[in-house]
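Letters A, B, ... mirror the listed sequences (proteins, then strands); counts begin at 1. Keep in mind the model is a prediction, meaning the values are calculated, not measured. The figures here come from the full heavy-atom set of this structure, side chains too, leaving out hydrogens, waters and symmetry mates.
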Amino acid sequence: MSSGRGFRALFPGKLDADQTPDDLCVVPQRPAGSLITPVPVPTSVTKTRIILGLILASTLGLFAGVGGYTFYYGQGFSYLSNDPKACVNCHIMREQYDGWQKSPHHAVATCNDCHTPHDLIGKYLTKAENGYNHSKGFTLQDFHEPIMIKPRNATVLQNNCVSCHVQIVDGINTHAGDPKKMLDCVHCHRDVGHGPIH
Amino acid sequence: ATIALMLLFQNIKTRKAEAKDHVFRVVEVNDQTADPAVWGKNYPRQYDSYKRTVDVERTKHGGSEAFQHLDDDPVWKRIFAGYAFGTDYREERGHAYMLTDQRETERVTNPKFKQPGACLQCHASMLNAYIDQGLKAGAPAGKENWEAQIQKGFEVVCKMPYSEATKLVEHPVSCVDCHEAESMNLRVNRPAFLTGIRALAKSDQPTPHLPSIERWRKDGHKGEYNPNTDATRQEMRSLVCAQCHVEYYFKGEGKLVTYPWQNGLKVEQIESYYDQVGHKDWKHKESGADVLKAQHPEFEMWSQGIHARSGVACADCHMPYQREGAIKVSSHHVRSPLLNVAQACQTCHRIPETEILARVVSIQDRNKALLDRGEEAVVSLIGAIAEAMKRGATDAELKPARDMQRKAQWRLDFVSAENSMGFHAPQEAARILAEAIDYARQGQLLVLALKPAAITASAP
Amino acid sequence: ATIALMLLFQNIKTRKAEAKDHVFRVVEVNDQTADPAVWGKNYPRQYDSYKRTVDVERTKHGGSEAFQHLDDDPVWKRIFAGYAFGTDYREERGHAYMLTDQRETERVTNPKFKQPGACLQCHASMLNAYIDQGLKAGAPAGKENWEAQIQKGFEVVCKMPYSEATKLVEHPVSCVDCHEAESMNLRVNRPAFLTGIRALAKSDQPTPHLPSIERWRKDGHKGEYNPNTDATRQEMRSLVCAQCHVEYYFKGEGKLVTYPWQNGLKVEQIESYYDQVGHKDWKHKESGADVLKAQHPEFEMWSQGIHARSGVACADCHMPYQREGAIKVSSHHVRSPLLNVAQACQTCHRIPETEILARVVSIQDRNKALLDRGEEAVVSLIGAIAEAMKRGATDAELKPARDMQRKAQWRLDFVSAENSMGFHAPQEAARILAEAIDYARQGQLLVLALKPAAITASAP
Ligand SMILES: [Ca+2]
Ligand SMILES: [Ca+2]
């Protein structure tokens, strides 16, 4: 099995020694005042424009991390695709890739289905940020091993579980992103993505 | 600006998902609705499983068959000599039985025990009874005075005679005792629990398994710690149970149910509390020692275990999710997880059911062997003291040995009365039993050291 | 900036190359190559970490600083009174020191202890020494007679005087002791281990943590159980360590190192073996009891724990994989996992390092408190017997109390000599200590019961 998952129920998100759980309230809280009124969902035109902008942004994110030629050589563009092979370009993702191939989700969800927001805007923004982190980590080899998911990405993940499984968890309040009320799927289903880690 | 937009976008999406979270409220249910059948109309799945707590099934060391412990293991008759528990002490069973079992136990029916209304706090849907009595006794009205009303009513009911108090209630623990009707959020309300957990929060004992307490302390002990607003949902999934599955005593003339947590949750910390306040449950009939009775310290034991530290809640194992058609719900058929390993354990432990059962049984069997060893030691001590009394040893001479009995018996009973047969915290339970054995044997040594004197004293 | 970018590019290229994981065999290495430096040419990464076992670093209850246990906790001087361990008993350290530490301990240098060559089985790269001696003593040549050669050589070396036998070797445990040179597969070869594990296989004790033994039994006990062909790779990752990290004694005149596993691996099963064969390690100097010494039963204790049952091997924690560039190699810097929590534990337990350490320390502190309690009980018993001897109690009178000392001390030492301070099997260690305490106190009771008689006897 997996283990230790429960810990995140105590401290949603992975905790640095001096962080308090409140620091981990990483998902946007509803801003105060007038902003609470829902904004209209972008029309398809604006959407496309935003997407293009974001692709650029995420490319820049990667670029900032590794620079142009390196970006090319490191197959940076594939990073923007949905193909899990893009992830395993980095041997560091090998373990998760191998696990994923054996996992119950293999046929139904790719890495990005779980690890990037399903809305296009969030998707490329996340990619931009993670692209930067991953490239930096990979290049400098200064990341914590084993890799442990960061609070922000854990929230993305939770949102994705819920959005696919909204029906089955319909009877339960899931509160994604609220560190106090969230029912952390991974507390019990640690192994869904890449199989058991032991 | 783009970022802000995106965040909002994200936010809307989340709320859309939550909005689907619909339930058909076919009847109006509020905090005054005591009858679970009414709630059940809105939540038929939970209600169905709730009703199934009438089921009877036995496991190797647990389960829900109300057999008589005193027949099963007669040493306990001797250990409880002179106390109500020495007359009737059964294996506990499903929640459905809590009220009738209490009404029918010889510990209540036998008039010599004179039980108070305090007993009811954990055996019935008391919330509304407390509020009613509280209001009657002059507690301020209004939702904002909810806690004061409950507390007042609690004080009134605790000191009533049991026979009278029990007429105030008709249901075992019900929806309203764990849920807030409006949101269905979990909520705690038992006065003894609130007082107890606040005392614990004020202590400086680490509570790694209850991060909200540590946070409250770090934030400067503002006001009183309030589980209903401070605790995470995951903590609440244990705290609702900790309202009842804990060690307690009735304090003073008011018979207030009290949880002895001021110095911490460990066996010796609770003991030190009782020593400080000079509490004893009874004078042992055979040995004359002032002894303590331990009752179902599940919450306390769980607190020392690795599951608690890993954030695994009571409800995770005892009320696991269960598929009901297309959705999953919390099983309200609260019972031994060993009757339901697939849901209760296997999502976290991906190993075969037989292996899970084998692991539990190996932990429990080890614990049982130590319990047997401890029982033998404690009973030997009781015998030794009784023997010395016969030979004329004085109370002053026997004091040290009787103190040892108090310590040993308290520890032994703590593990025995805890209902998981060591599973909730295996190493801790073994440690406690090791101490029980040590103290019991030391008590015997004290008696034996007296022997010549006692012999002299009793010599004609 | 361009330069920086190019360097980064270079960096990625290197990593891609590394990922291909080639081993360049630069020198010829075979099973006769004793010198690890030669193997190290082919496997520089493993060799580098292997050499780092010289490092010295302390943890709360372990680590690699060779402090004197007898000074740290002087009760052990008294518990070991009359035995070599009472003169010099240190905290063990890295593999690099095993040979010099043995040569230099007072248990060897003090001529009165007359140690045999048997000691070396676990303190040196013995494989080729055994084969050489075996062939010399007439064992059949040829690869197919490998085991017979080793066994023969083992018999020859065990009974040699230590001073002579130690000249046969020059390296601490080395590559060839764990690896087959051709394939680099793990391989066990220590005769005492092979004999011991086969005896265990022939018993009917369940071994859920060693599935290959259960399989061998199920397949009808064909021939001898052979770890090198029957065990899984994951099992081998523990069995190579179980060659040495186990309880042992020297059997008979031949001083054959022997692992007492015929009745099982639990503390009382090993004891029953020693009782059957009438073994004692020494007569206690103060109390006259025939007592046993326990030595590093890591394998036995691990066997009772939840990690073993979950298939977690010694190497998983003590030789975790570690990234070296793009490939992962087993850290041959065998040491306390607490010095390396990220690799040793976090691969499986994705929780913060501080929390992992806190969990271990909480387990170990509990164990330490029980150990202290047990030491007090055992020492009290020793004192009581000695006292009774002074008063003239006879050997016949003292026999039952001395038997209790044997049982109590054996258990206490088993947990104390095991080097994880209870971590490898927390509940089991606590159970053993509870028994130790019980037996020690019972021994005292037996002595005290004698007292009047003894007094009478010694009265003039
Ligand atoms: Ca039960
Ligand atoms: Ca050491």
Side-chain angles (χ1 to χ4, degrees), chain A residues 1-12 20-22 27-31 35-36 38-39 41-42 50 53-54 57 117-122 125 155-156 159 162-163 165-184 187-191 195-196 198, chain B residues 2-18 20-23 43 45-46 183-185 208-212 214-215 218-219 229-237 307-313 316 320-321 323-330 345-351:
Chain A
M1 92 150 234
S2 85
S3 102
R5 289 318 312 147
F7 202 70
R8 203 171 69 217
L10 298 185
F11 298 98
T20 69
D22 289 334
V27 143
Q29 298 289 312
R30 245 181 278 166
L35 279 176
I36 290 186
V39 282
V41 178
I50 293 172
L54 280 164
H118 287 181
D119 64 290
L120 284 166
I121 306 175
L125 197 73
T155 305
V156 168
N159 273 314
V162 174
S163 83
H165 292 291
V166 65
Q167 191 185 7
I168 200 165
V169 296
D170 209 20
I172 310 164
N173 281 316
T174 54
H175 298 283
D178 178 340
K180 233 179 218 158
K181 292 200 183 142
M182 182 166 106
L183 185 78
D184 183 0
H187 172 59
C188 299
H189 299 290
R190 176 78 175 75
D191 63 341
H198 307 155
Chain B
T2 329
I3 304 239
L5 187 74
M6 313 240 347
L7 294 184
L8 277 172
F9 183 67
Q10 183 70 29
N11 194 282
I12 291 163
K13 244 200 89 159
T14 319
R15 278 188 287 133
K16 270 198 346 212
E18 300 259 327
K20 292 228 186 96
D21 213 71
H22 56 260
V23 170
Y43 311 104
R45 297 182 183 88
Q46 285 84 359
S183 62
M184 287 309 283
N185 281 345
H209 61 305
L210 296 174
S212 65
E214 305 214 316
R215 209 176 317 126
K218 222 176 116 193
D219 289 351
T229 52
D230 295 335
T232 61
R233 172 179 182 174
Q234 186 62 13
E235 287 171 272
M236 290 301 283
R237 289 165 60 86
H307 279 108
R309 248 196 127 121
S310 305
V312 185
D316 289 351
Y321 288 114
R323 275 189 90 127
E324 295 277 346
I327 72 166
K328 60 178 197 176
V329 297
S330 299
C345 321
Q346 284 182 309
T347 29
C348 292
H349 300 282
R350 294 280 167 159
I351 51 176

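With contacts defined as side-chain heavy-atom distances shorter than 4.5 Å, the pair B:T347/A:R190 does not qualify. In this structure, the side chains of B:Q234 and A:D184 stay at 4.5 Å or more apart for every pair of heavy atoms. Considering only heavy atoms from C-beta on, A:M182 stays 4.5 Å or farther from B:T232 through its side chain.
Residues A:V169 and B:K328 come closest through the heavy atom pair CG1-CE, 4.1 Å.
In this structure, the separation between CE on B:M236 and NZ on A:K181 is 11.0 Å, given to the nearest 0.5 Å.
Neither the backbone nor the side chain of B:R45 comes within contact range of chain A; no heavy atoms are under 4.5 Å apart. Only the backbone of B:D230 comes within less than 4.5 Å of a heavy atom of chain A; no side-chain atom from C-beta onward does.
For B:S183, the side chain to side chain contact (heavy atoms under 4.5 Å, CB included) criterion is met by B:E180, B:N185, not counting sequence neighbours. Among residues two or more places apart in sequence or in another chain, the side chain to side chain contact (heavy atoms under 4.5 Å, CB included) test is passed with A:Q167 by B:A326.
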